[in-house]
Amino acid sequence: MEKTLDNVIISEGRRPFWQTIIAALFYTATVVLFLIAVVSLFLDFSMESFKGVIAIISLSIITFGYALKFSTINNVYFDLENRKYKKEVVVGPFKAGKWIELPEIDYISVFRQAWSKDSDGDGRTDSSGYVYDVNVWYNTSKHFTIYSNGYPEASLEMGRQLAVKLNTDLLDATDPFNKEWVDDL
């Protein structure tokens with residue numbers, strides 16, 4: 001009997017309803033602000049109104065960014081039979097991503113990555129912490145990230161499941177000073 005390889009789908013799933021509502025509000029604000037800017041530009045075309053229009057358009061770009069943040073879903077697909085993978089970004093009915101040839105995989109790693117946020121650009125961080133990335137390593141030193149999470153247990157479980165499906169090793173580097181290969185896959 002011939003063994004067929006299962007495909008692997010890693011998805012963030014659906015956004016919670018409250019995030020969908022927030023995204024809808026930000027999308028609405030984006031459209032309203034943009035329309036206000038366009039109407040203002042046609043009603044009064046002076047240098048002062050132009051500066052105001054630029055400010056309104058800047059604000060609409062910011063609201064659009066927040067709308068995307070609350071509505072974007074990331075998916076990763078592995079077609080093991082055809083040795084391909086696809087990273088896909090989904091925003092509502094729109095999807096973007098392409099199939100890429102899957103290289104020969106060396107191992108999967110889960111490691112801690114520091115992050116910080118400087119919201120006003122003054123060089124001082126407002127907040128910082130860690131995120132745990134699941135990476136697929138190939139060609140000895142190349143990798144791509146397929147999953148990130150703020151919780152080490154969730155990322156490690158994702159790495160464990162993927163390592164089993166891809167029949168490869170898993171490196172637990174959630175503690176950068178105590179990296180270890182996971183034996184119980």
Side-chain angles (χ1 to χ4, degrees), residues 8-78 84-100 108-137 142-159 162 173-174 176:
V8 178
I9 300 171
I10 299 169
S11 177
E12 290 179 341
R14 296 177 58 147
R15 289 282 186 170
F17 186 68
W18 67 270
Q19 288 185 6
T20 304
I21 299 248
I22 290 173
L25 291 172
F26 276 120
Y27 282 123
T28 302
T30 300
V31 170
V32 168
L33 288 169
F34 188 76
L35 289 175
I36 289 171
V38 169
V39 169
S40 296
L41 191 61
F42 285 116
L43 290 179
D44 179 25
F45 190 74
S46 66
M47 189 51 79
E48 284 302 313
S49 71
F50 184 70
K51 289 178 184 177
V53 166
I54 295 297
I56 293 171
I57 289 175
S58 298
L59 187 58
S60 72
I61 291 170
I62 292 169
T63 59
F64 182 70
Y66 279 112
L68 285 177
K69 181 178 179 172
F70 282 102
S71 64
T72 301
I73 297 171
N74 295 298
N75 300 323
V76 180
Y77 301 97
F78 287 91
K84 294 185 176 197
Y85 76 97
K86 174 171 73 167
K87 291 176 84 173
E88 179 181 74
V89 176
V90 180
V91 180
F94 305 105
K95 298 178 181 181
K98 66 178 184 170
W99 287 99
I100 300 171
I108 307 294
S109 73
V110 180
F111 75 98
R112 184 175 76 182
Q113 176 83 4
W115 67 269
S116 63
K117 180 177 163 187
D118 177 14
S119 61
D120 58 4
D122 66 355
R124 294 179 290 183
T125 58
D126 300 335
S127 60
S128 63
Y130 296 104
V131 66
Y132 297 87
D133 292 340
V134 178
N135 290 330
V136 176
W137 289 85
K142 296 180 180 177
H143 73 277
F144 56 92
T145 302
I146 60 160
Y147 182 76
S148 292
N149 194 312
Y151 300 99
E153 300 84 14
S155 295
L156 199 55
E157 182 58 30
M158 176 64 69
L162 187 61
T174 54

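Bear in mind the structure is a predicted one, so any value in this text is a computation, not a measurement.
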Lys69 versus Arg15, closest heavy-atom pair with distance: O-NH2, 3.0 Å

Heavy-atom closest pair, residues Ser155 and Val134: O-CG2, 3.3 Å

Least distance between heavy atoms, Thr174 atom then Tyr132 atom: O-CE2, 3.8 Å

Centroid-centroid distance, Tyr85 to Phe144, less than 6.0 Å: yes

Sole residue of Leu68, Asn74, Ile73 in side-chain contact (heavy atoms from CB on, under 4.5 Å) with Val89: Asn74

Pairwise side-chain contact, Met158 with Asn149, heavy-atom cut-off 4.5 Å (strictly under): no

Nearest-0.5 Å distance, NZ of residue Lys86 to CD1 of residue Ile9: 10.0 Å

Where Arg112 and Pro176 come nearest, the two heavy atoms and their spacing: NH2-CG, 3.2 Å

For Val131 against Gly150, the heavy-atom pair lying closest together: CG2-N, 4.4 Å

Exceeds 12 heavy-atom contacts within 6.0 angstrom, atom OH of Tyr27: yes

For the student: nearest non-hydrogen atoms of Leu41 and Val53, plus distance: N-CG2, 3.9 Å

For Ile54, side-chain contact (heavy atoms from CB on, under 4.5 Å) partners two or more places apart: Phe50, Ser58

Validation row: Tyr147, Leu162 side chains within 4.5 angstrom (heavy atoms): no

Aromatic ring pairing Phe70/Trp18, orientation class (parallel under 30°, perpendicular over 60°, tilted between): perpendicular

Member of Asn135, Ile108, Asp133 meeting the side-chain contact (heavy atoms from CB on, under 4.5 Å) criterion with His143: Asn135

Thr63 side-chain N/O to Ser60 backbone N/O, donor-acceptor pair under 3.5 Å: yes

Over 12 non-hydrogen atoms of neighbours within 6.0 angstrom of NZ in Lys84: no

